[in-house]
Structure formats: structure tokens, C-alpha cells
Amino acid sequence: MGKYLNSRVPYEAFKAIAGGRYFVDKSRLLGELMPAAGMEERFFCITRPRRFGKSVMANMVGAFFGKAADAEKIFQKLEIARMEGYRMHLNSHDVICIDFSRIPRGCTDYARYISRIEDGINHDLAEAYPQCHLAQEEAVWDNLSSVFEETAQKFVFVIDEWDAPFYLPFVTEKDRKEYLLFLKSLLKGQAYVELAYMTGVLPIAKYSSGSELNGFLEYDMANTERFGTYFGFLDGEVDRLYQTYRQAAQDHSFQARVTRDALAEWYDGYYTASGEKIYNPRSVVYALTNNQIRNYWTSSGPYDEIFYYIKNNTEDVRDDLAWMVSGDGVEARMLEYAATAPELNTKDQIYSAMVIYGLLTYEKESGRVFIPNKELMGQFDELLISNENLGYMNRLAKASAAMLKATLAGDTKAMAEILNYAHDTESPIFSYNSEIELSAVVNLVYLAARDKYRIEREDKAGKGYVDFIFYPQRQGAECILLELKVDASPMDAIRQVREKNYMLRFQGKLAEKPKYTGKILAVGIAYDRKTKEHQCMVEELGHV
């Protein structure tokens, strides 16, 4: 056992995960890798956004195939144990695990970074195969070839964070080209490679005009269906985790503060290429473990990561953001190379990169990108409120706190003034040819309300669908039903709320205690295309 060859680290890491309360069995992935061992198409690169379980799966692959530790106690309970080839492959391979995100202490140059990996593998090989008389100064692929020639031994490679050198500050463009050649020399066309499993965020297909990595079969989340359900949690899997959570609350006498609906609202919304919705797995596990719904998507700042992608084209992207924070999608063409481009200028480049990094989700069937869930919506909201480069959207977002205050106070004059403020711009989104455009603006001017309300659009209520429902997060707070009209009056909007009995949405089912306890407000907002003026009306409908 060594630092790279048959390291015990993957086994220990996966053992800790598999023994956890909120573990989801994804071991069927191994069943897709086993038949490929020794075959021509044995090179796999699976790319996913951050925090989607890539390292967990890489550790599972290393723990299963590697000889470092007897993993029978872990895997005998999992689905892979019932699959053909399980006994033949379990802990029966020499596995070389490389995590390219790990760097030496104080490392400031690529040569030292890559030498540590080469020297480490050579050292492990020399200890494991003393009869081969390997030289430490030889290239690692030459030593691997020598072992294979003398012993016929092949190796499984598990490479995590393959794209780390493209982020490291001390790695130059020349270094990156050398790195691609390093991977080519290590893996391409080498008879000693029995299987290569590689993960990362960035796609490899567009990295080089040459053939360094073209032997890999690449599987991304947006376009490739295979392996789609192994990364992220499906609805049924979250259901089972939630039942475990509820049982744990009962067994350990703590109050379960996380609801199943909240898990979906905050962490669902990503799509596999086949159209299945999946949850951010890291956030779900953290929420259940901590008994708290919150933003577990960490970054270097509250909104700067998103702005990094749009900064070169805020003018074109600005109106799209209005639609996306409204919950709508925007048409986009996925460009795999975008994430590696030195600059992102076109909308397709920007949105493609944001999908790759998990900041947006792509629905293949509609060809649209969306903000996936409330966890990410919070970052977009903060971007709109905090970044003055977004112009009118920033100004409207800042006015949103005043809009909610005016609504709750019934100050319809102030509400109309804030909405009329929207026409200080020439943006086409404010043409208001339909309620759809008006709806996008209303989303912006109520942006701050999301701190106190769960806001749903086109939600079923009474005898129809109300334009907006504001579900209060605090008991006793006002419930709001908001209806929009173009070329009509706000009174018409209020009348529709009453006639279609939308307030039933807050009543709950028969024989159930109402979930909400505050008074119910009907809000009518109307826009006249001729006068370009807004009118507003607020009326109390009663109490829950």
C-alpha cells in the first residue's frame, strides 16, 4: 500500500460515507464499469457540477476495485453485490488513485506540483514490485510499462478533479499543455491500463486540437443520458432519506424542522439529459444532518461568482435574468467548450458555462436554462440587489423592500409609483404586450419579499390559477393573492380573486388545521398600454 498505488484513503473515505445515516446506494455504477475492464472502451470521464458527489463516487470505485482493504463488509449490503462480476472484481485490482486538487505545501510552480505525483507513483511501484528494479528518475509511464512487461500486471486508474490544474493560480497556459501531454503519456494507448475512471467539472472534449484525451468516453449532465442518475438524488431517494430523518427525530427526541416540501423547493430542479429532475446531494444531506434548511452552496462571495460569468455581457443577459428570477427559462444552446474559454461573451457561452458549474440547469427537451431552486435563486437575488452594473434591474430590486412595505400598508399610490419607475428604461421587457412581461417586472419589484414569503406563480387556487401567491414563512403574517391585468382595472383583478375563490388555497383540506393563520390580502395590479400607467388596489378578504 502506498500514497497512490493501492492507497487506503478511498476505502476509508467511502466507508465513512456508506456508514452515514443519509447514505444513498449508487453502487450500480460499478456494474457499468466492470464489463469495460480490459476492453477497448475502458476510458471514462464523468463531468458534473461541484457538490454533486464526484469524489464520493471516485472513492467508491477505488474502494471496490483496490486491494488496499477488504471492502466486503461495505459492498455486500449494496446493490452491486447482486450483480454479475461482483466477486471477480471486488478488491482484486491494483488501483492508482490521483486527486489532482491536492498540492504540496507552499507549492508555487507546476514542475513541483506534477513531480510530486510522478515521484510518488514511482516510489509506490518500486516498493510493490522490487523484482522489476525500477528507477526513480524514469518517467512514471515507463516504469508502469516495465512492470507490465515483466509481470503482465495491469492497473485501474481513478482520477479525481482531473481539471484542477486549470484553476490553480501558479499553472500557466504552457503548463496546462504539458499537463495534457502528461495525461496522454500516462494513459493513452498504454497496455497497462485496465480501466480509467476520471471525474471533474470541466469537459475534456474541447481542451485540445490534438488527440491527448480523445480516447475517453465523456459523460456530462446536460447532454449524455448514461450515468445520469448516479450523481444527484432522485425524488424517491430523497423520500427515503426524509423518512430516515423523521425516524431519527423520533428516536432521538429532537424537533424535525425540515419539511419535505422545503427540500424540493431549495435543492431540487436540476435535470439529467433524459429529463429526470435531481437534487443537489450535498445540500440535502447537510440540511437533514443539521436539521436546518439554508444555503449550503458556498462560494468566494454572495454573488460575485455569478457576476464573473455575465460581466462581459451584462446588457444582453440583463433581460434574461428578469425572466429567470421569475421562474421562467431562457433558450440557450449548450457549448461544451465555453467553460474553458478565456472570455465568455455570447449568451450561449455564458449560460453553457453556468450550467457546467451548476449555477443554472438545462432542460434538454425545451432547450432552456433555468435557475434550478431557491438555494441558487438566493444568489441571483443578491446579485440583482447588490450589483449596480445591472442598471435598471438593480434599481428595481432595491425598490422591492419598499414595494412589499407599501403593499402590506395598502399604499397603492406608492405601489404604482414603483411600478411606473420601470419605464425609466428602454428595455424591451417593459413593452407589456401581455401579462407575461408584466409578471416579470412584478417579480423584480417583489424580490425582497422572498425573505419572508415563498412566492409561487400560476399556482392552483379555488376555481383557477392565481398569478402570484405569497405564502408567509411566519405564522400570523399576511397571506397575499396577487392578480395581474393588462388594459383592465385593478378592480377587475380583485373581482377575479373573489369570484374564483382563490383564498381557498390558504384554508387547507377539510378536517385539517389551517397551515396559515394571518389575514388574506387580494392585490390587483393593472397596466394600461396607452397611458403607460399602473394602477394598484389592495383589499382584505378575511382571515384564515
Side-chain angles (χ1 to χ4, degrees), residues 1 5-20 23-48 52-97 148 151-160 187 190-199 215-221 224-237 240-241 272-274 276 278 281:
M1 287 182 285
L5 174 61
N6 293 328
S7 168
R8 193 179 177 90
V9 170
Y11 165 79
E12 293 293 345
F14 186 66
K15 178 183 175 183
I17 292 289
F23 171 71
V24 174
D25 180 4
K26 301 281 190 178
S27 64
R28 291 187 67 84
L29 176 141
L30 297 167
E32 300 203 40
L33 299 180
M34 292 187 300
M39 300 293 104
E40 179 69 20
E41 296 180 340
R42 63 190 186 277
F43 297 90
F44 299 85
C45 181
I46 298 178
T47 55
R48 289 295 185 275
F52 261 77
K54 297 184 301 296
S55 295
V56 172
M57 301 303 279
N59 286 327
M60 179 183 74
V61 174
F64 177 77
F65 285 106
K67 298 176 179 177
D70 181 0
E72 171 71 12
K73 288 184 179 180
I74 299 176
F75 289 102
Q76 67 181 355
K77 303 173 185 177
L78 306 184
E79 290 188 48
I80 185 60
R82 298 190 294 273
M83 300 181 73
E84 184 178 354
Y86 168 70
R87 290 289 176 190
M88 181 176 70
H89 289 283
L90 178 65
N91 301 141
S92 60
H93 298 263
D94 272 355
V95 173
I96 294 175
C97 292
F148 175 71
T151 67
Q153 180 64 49
K154 295 184 177 183
F155 299 85
V156 170
F157 287 80
V158 179
I159 296 174
D160 196 16
L187 300 171
Q190 298 289 14
Y192 57 72
V193 178
E194 187 168 22
L195 181 73
Y197 177 87
M198 190 162 75
T199 72
F216 276 87
L217 299 169
E218 187 166 10
Y219 302 91
D220 67 353
M221 187 163 74
T224 313
E225 294 186 12
R226 191 180 182 191
F227 299 114
T229 60
Y230 296 130
F231 297 84
F233 292 162
L234 302 173
D235 252 325
E237 293 168 338
R240 290 191 289 274
L241 292 181
T272 67
S274 61
E276 294 176 274
I278 51 177

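Note that the structure is a prediction, hence the values are computed from the model and not measured.
Between Val158 and Val95 there is a side-chain heavy-atom pair separated by less than 4.5 Å. With a 4.5 Å cut-off on side-chain heavy atoms, Phe43 and Leu217 do not count as touching. Using a 4.5 Å heavy-atom threshold, the side chains of Glu218 and Thr47 count as touching. Residues Ile159 and Thr199 have side chains not in contact (no heavy-atom distance under 4.5 Å, counting atoms from C-beta outward). You'll find the side chain of Glu276 reaches within 4.5 Å of the side chain of Thr229, heavy atoms only.
Taking each heavy atom of Asn91 and Ala71 in turn, the nearest pair found is OD1-N, 2.8 Å. Closest approach of Met83 and Gly31 over heavy atoms only: CE-CA, 3.6 Å. Heavy atoms only, all atoms of each residue included: Ala36 and Glu41 are closest at CB-O, 3.7 Å. Between Gly53 and Pro281, the shortest heavy-atom distance links the atoms N-CG, 4.3 Å.
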Next on the checklist: What verdict does the side chain to side chain contact (heavy atoms under 4.5 Å, CB included) test give for Gln153 and Phe155, after you've listed the backbone C-alpha separation in whole Å, the side-chain angles of each residue and the deciding distance to 0.1 Å?
Outcome noted: CA-CA 7 Å; Gln153 180 64 49; Phe155 299 85; 4.2 Å; yes
Checklist entry - Does the pair Tyr192 and Phe148 meet the rule for a ring-ring contact (aromatic ring centres under 6.0 Å, His included), with working shown? => result CA-CA 6 Å; Tyr192 57 72; Phe148 175 71; 7.4 Å; no
Item to check | side chain to side chain contact (heavy atoms under 4.5 Å, CB included) between Met34 and Ile80, worked out | outcome: CA-CA 10 Å; Met34 292 187 300; Ile80 185 60; 3.6 Å; yes
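In this structure, Arg42 contributes its side chain and Met39 its backbone to a donor-acceptor pair below 3.5 Å. Side-chain N or O atoms of Lys26 include one that pairs as donor or acceptor with a backbone N or O of Gly232 at under 3.5 Å. A distance-only check finds no donor-acceptor pair linking the side chain of Asp220 to the backbone of Ile46 [under 3.5 Å]. The closest donor-acceptor contact from the side chain of Gln190 to the backbone of Leu187 lies at 3.5 Å or more, if one exists at all. Judged purely by atom type and a 3.5 angstrom limit, Thr224 has no side-chain atom pairing as donor or acceptor with the backbone of Arg226.
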Identify all side-chain donor-acceptor contacts of residues 54-67 below 3.5 Å with residues at least two apart in sequence or on another chain.
residue	atom	partner	partner atom	Å
Lys54	NZ	Arg48	O	3.4
Lys54	NZ	Pro49	O	2.9
Ser55	OG	Asp160	OD2	2.6
Asn59	ND2	Ser55	O	3.2
Lys67	NZ	Asp94	OD1	3.3

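For Tyr197, the ring pair (Phe, Tyr, Trp, His ring centres under 6.0 Å) test picks out no residue, with sequence neighbours left out.
Side chains of Glu32 and Tyr230: a donor-acceptor N/O pair is present below 3.5 angstrom, by distance only.
Electrostatic pairing of Glu72 and Arg87 counts as a salt bridge here, judged by a charged N lying under 4.0 Å from a carboxylate O.
One distance of note links CD of Glu194 with CZ of Phe157; it measures 11.0 Å at 0.5 Å rounding. Taken from CG in Leu195 to NE2 in His93, the straight-line distance is 8.0 Å, to the nearest 0.5 Å.
Ring pair Phe52/Phe231: centre-to-centre distance not below 6.0 Å. In this structure, Phe75 has its ring center under 6.0 Å from that of Phe14.
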